[in-house]
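Below, chains carry the letters A, B, ... as their sequence lines are ordered, and counting in each starts from 1.
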Amino acid sequence: MHALIGRIPRGRVATYGQLAALLGRPRSARAVGAALRGAPASLPWHRVVNARGGISRRAHGASMLTQRIRLEQEGVRFRRGRVVLAAHRWRPARGWRRGEDP
DNA sequence: GACTTGACTAGAC
DNA sequence: AGTCTAGCCAAGT
């Protein structure tokens, strides 16, 4: 999971559902967020957004703004408060991860 | 090991 | 366009 998120390149974003699917659990998008909750600051957690490209709110409300700012600093463009997924969605190559394959 | 929670999503209204 | 609802299932209690 962490390894996967760590592979998201600068200036790109991935959705919770997308990451879940890449892990072979297409219905576990929420678990991705839950795992992110206690993730180390070293992870580019800010590159994970919801299916619409928006920043999901969490319990403390804060840090949503931080996420947007960090993304903008990486060159990610926003349109009406959402990431332009068409331009920034991460498209990982197939078969990069230690031998897995659907 | 049952019970609740929720950084999700897709579909309906 | 926004809001609600119902499935979902890994993490936390």
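Between A/N50 atom CG and B/dA10 atom P the separation is 10 Å, expressed in whole Å. Here C/dC9 presents its P atom at 10 Å from CZ of A/R25, a figure rounded to the nearest Å. One can place OH of A/Y16 at 8 Å from P of B/dT9, the figure rounded to the nearest angstrom. What separates CG of A/L23 from P of C/dA11 is a distance of 10 Å, to the nearest Å. Between A/I5 atom CD1 and B/dA7 atom C1' there is a gap of 10 Å when expressed in whole angstrom units. Regarding A/L36, its CG atom lies at a distance of 12 Å from the P atom of C/dG12, rounded to whole Å.
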Watson-Crick and G-U pairing of DNA chain B written in dot-bracket, each distance under 3.5 angstrom, with | for inter-strand partners: .|||||.||||||
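The structure places CD of A/Q73 at 8.5 Å from CZ of A/R10, a figure rounded to the nearest 0.5 Å. Once rounded to the nearest 0.5 Å, the distance linking CG of A/L71 with CD1 of A/I55 reads 6.0 Å. Taking CG of A/L22 as the reference point, atom CG of A/L4 lies at 5.5 Å (rounded to 0.5 Å).
DNA chain B is contacted by both A/A31 and A/G17; A/A31 maps to the nucleotide lying nearer its 5′ end (nearest heavy atom per residue).
Ranking B/dC8, C/dC8, C/dA10 by closeness to the A/R27 side chain, first place goes to C/dC8.
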Which side-chain N or O atoms in residues 11-20 of chain A pair as donor and acceptor under 3.5 Å with protein atoms at least two apart or in another chain?
from, atom 1, to, atom 2, distance (Å)
A/T15, OG1, A/Q18, N, 3.0
A/Q18, OE1, A/T15, N, 3.3
A/Q18, NE2, A/W90, O, 2.6

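Every residue two or more places apart in sequence or in another chain that forms a side-chain contact (heavy atoms from CB on, under 4.5 Å) with A/R52 is listed here: A/N50, A/R82. By the side-chain hydrogen bond (donor to acceptor under 3.5 Å, both in side chains) test, A/R68 pairs with A/E72, sequence neighbours left out. A/R70 meets the side-chain contact (heavy atoms from CB on, under 4.5 Å) test with A/W45, A/H46, A/T66; sequence neighbours excluded.
Using a 4.5 Å heavy-atom cutoff, the side chains of A/V83 and A/F78 are in contact.
Contact annotation for A/R37: base contact, defined as any heavy-atom pair under 4.0 Å involving a base atom.
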Protein-nucleic acid N or O pairs under 3.5 Å, nucleotides 1-7 of chain C:
from, atom 1, to, atom 2, distance (Å)
C/dG7, O6, A/R30, NH1, 3.2

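For A/R25, the CZ atom counts as loosely surrounded, since its 6.0 Å shell holds 12 or fewer non-hydrogen atoms of other residues, nucleotides or ligands.
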